[in-house]
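Below is one structure; the comments refer to it alone.
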Protein chains: 2
Amino acid sequence: MTDSMMTIGEMCESYGVTPRTLRFYEAKELIFPIREGQKRLFIKSDRARLKLILQGKRFGFSLEEIRQLLNLYSLGDQQTTQLTKTYELGLERLRDMETQREELTEAIADLRDRLQWGETVLADRGVKLAAE
Amino acid sequence: MTDSMMTIGEMCESYGVTPRTLRFYEAKELIFPIREGQKRLFIKSDRARLKLILQGKRFGFSLEEIRQLLNLYSLGDQQTTQLTKTYELGLERLRDMETQREELTEAIADLRDRLQWGETVLADRGVKLAAE
DNA sequence: CCTCCACCTTACGTTAACGTCAACCAAAGG
DNA sequence: CCTTTGGTTGACGTTAACGTAAGGTGGAGG
């Protein structure tokens, strides 16, 4: 109704996933769409979470790890103990991601060198590459 | 013999993997250890490849994608056509990795904010965090 | 000679993350 | 009223990336 509500189909269209995927994520408690009768309805926060899920997957996190991280994004009225654990978990993840970024930076530089080399080899063999 | 040769056990020790993993990678044609009778022997280039494999996995690449990438790291006397394809594949991966790096940078900043916020909340509740 | 150890192959088991299929409901349109 | 459209819940299938268990080999040491 209000355009803040989306059906499962619209969600799939928007984010390039299948219904099965969204239902699966719900079953794994990564998202919590509300129900109108039988049907699922997704609101803004669901979309925010989904974005984070898809991003997390690109970084190589498992769905379970992502589920933990998502709690960081909906911190509210939890017990202090739980909150502290979540915080520390977040710190760990942050270190992970920073490490990963450094490695990625190196790997990119490396790959770039290889490609440069490949270019010259191909040039030597008289191959014209699509200029870009 | 020469310390440039390593047994499967030594490899596992060095890189924190299981024998099964190395045999699996060989079966998938990601590494090509030489044989002394039955036994596998790993030389320097095998170790270089293994490093790249493990790194690639951290970036979320599948073994099959990694296998493609590895060809870039052993370009030699292949046909020019194949070489060109490999080169273009490498370019694609490079774009992927650069994109991933940007996203990762954003995600890190984001997570950092959350943690900062979490810190203040915990501080308000009188929780002392391990200073670092 | 026997045993242990490190390695081997073959083959079936496992987990994550969905895909696919069957059978069902409910609102909307012709 | 019937059919289409878009959703639902099981339940079983699939792929990647290994784990694991069973049984076999070859050399070193007691």
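Below, read A as the first sequence line, B as the second, and so on, with proteins coming before strands; counting in each chain starts at 1. Every heavy atom of this structure was used, including side-chain atoms; hydrogens, water molecules and symmetry mates were not.
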Protein-nucleotide distance ([X], atom [atom1]; [N], atom [atom2]), rounded to Å:
| X | N | atom1 | atom2 | result |
| --- | --- | --- | --- | --- |
| B:Phe42 | C:dA6 | CZ | P | 16 Å |
| A:Tyr15 | C:dC18 | OH | C1' | 20 Å |
| B:Glu36 | C:dC8 | CD | C1' | 14 Å |

Please answer: with hydrophobic residues joined when any side-chain heavy atoms are less than 4.5 Å apart, are [X] and [Y] in the same cluster?
| X | Y | answer |
| --- | --- | --- |
| B:Tyr15 | B:Phe42 | yes |
| B:Phe61 | B:Leu89 | no |
| A:Phe32 | A:Leu41 | no |

Check: residues 6-13 of chain A side-chain donor-acceptor pairs under 3.5 Å, at least two apart:
from    : atom 1 : to      : atom 2 : distance (Å)
A:Thr7  : OG1    : A:Gly9  : N      : 3.2
A:Thr7  : OG1    : A:Glu10 : N      : 3.2
A:Glu10 : OE1    : A:Thr7  : N      : 2.9

Please enumerate all residues that pass side chain to side chain contact (heavy atoms under 4.5 Å, CB included) together with [X], with sequence neighbours excluded.
| X | value |
| --- | --- |
| A:Thr99 | A:Glu103, B:Arg58 |
| A:Thr18 | A:Arg20, A:Thr21 |
| A:Leu52 | A:Gln55, A:Leu70, A:Tyr73 |
| B:Leu115 | A:Leu72, A:Tyr87, A:Leu91, A:Leu94, B:Leu111 |

Next on the checklist: Please evaluate residues A:Leu104 and B:Glu98 with respect to the criterion side chain to side chain contact (heavy atoms under 4.5 Å, CB included), reporting the C-alpha separation (whole Å), side-chain torsions for both, the decisive distance (0.1 Å), and the verdict.
Outcome noted: CA-CA 8 Å; A:Leu104 192 50; B:Glu98 282 170 339; over 6 Å; no
Next on the checklist: Going by salt bridge (Lys or Arg N to Asp or Glu O under 4.0 Å), name the pairs with one or both residues in residues 59-74 of chain B, residues two or more places apart or in two chains.
Outcome noted: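 Matches after skipping sequence neighbours: B:Glu64-B:Arg67, B:Glu65-B:Arg93.
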Next on the checklist: If I take atom CD1 from residue A:Ile31 and atom CD1 from residue A:Ile43, how far apart are they, to the nearest 0.5 angstrom?
Outcome noted: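 These two atoms lie 11.5 Å from each other.
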Checklist entry - At what angle, to 10 degrees, do the two end axes of the helix from C:dC1-D:dG30 to C:dG30-D:dC1 meet, given five pairs define each axis? => result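 Roughly 20°, once rounded to the nearest ten degrees.
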Next on the checklist: Heavy atoms within less than 4.0 Å of DNA chain C: which residues of residues 48-60 of chain A have one? Give them sorted by number.
Outcome noted: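 When residues 48-60 of chain A is checked for heavy atoms under 4.0 Å from DNA chain C, the hits, listed by number, are A:Lys57.
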Next on the checklist: Can you list everything that forms a side-chain hydrogen bond (donor to acceptor under 3.5 Å, both in side chains) with B:Arg101? Sequence neighbours excluded, please.
Outcome noted: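 Expected list: A:Thr105.
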Item to check | Sequence neighbours excluded - side chain to side chain donor-acceptor pair (under 3.5 Å) pairs with any residue from residues 22-38 of chain B | outcome: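 Passing the test, one end in residues 22-38 of chain B: B:Glu26-B:Arg35, B:Glu26-B:Arg40.
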Between protein and nucleotides 9-11 of chain C, what N or O pairs are separated by less than 3.5 Å?
from  : atom 1 : to      : atom 2 : distance (Å)
C:dT9 : OP1    : B:Arg35 : NH1    : 3.2
C:dT9 : OP1    : B:Arg35 : NH2    : 3.4
C:dT9 : OP2    : B:Arg40 : NH1    : 3.0
C:dT9 : OP2    : B:Arg40 : NH2    : 2.7

Item to check | Which residue lies more 5' along DNA chain C, comparing A:Lys28 with A:Lys39 via nearest heavy atoms | outcome: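 Going by which nucleotide is closer to the 5' end, it is A:Lys28.
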Checklist entry - Which two nucleotides bound the region of DNA chain D that has atoms under 4.0 Å from heavy atoms of chain B, read 5' to 3'? => result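 Range of nucleotides within reach of chain B: D:dA17 to D:dT20.
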Next on the checklist: Taking only side-chain N and O atoms of A:Thr18, does any of them lie within less than 4.0 angstrom of OP1 or OP2 on C:dG19?
Outcome noted: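 For C:dG19, OP1 or OP2 has a side-chain N or O of A:Thr18 closer than 4.0 Å.
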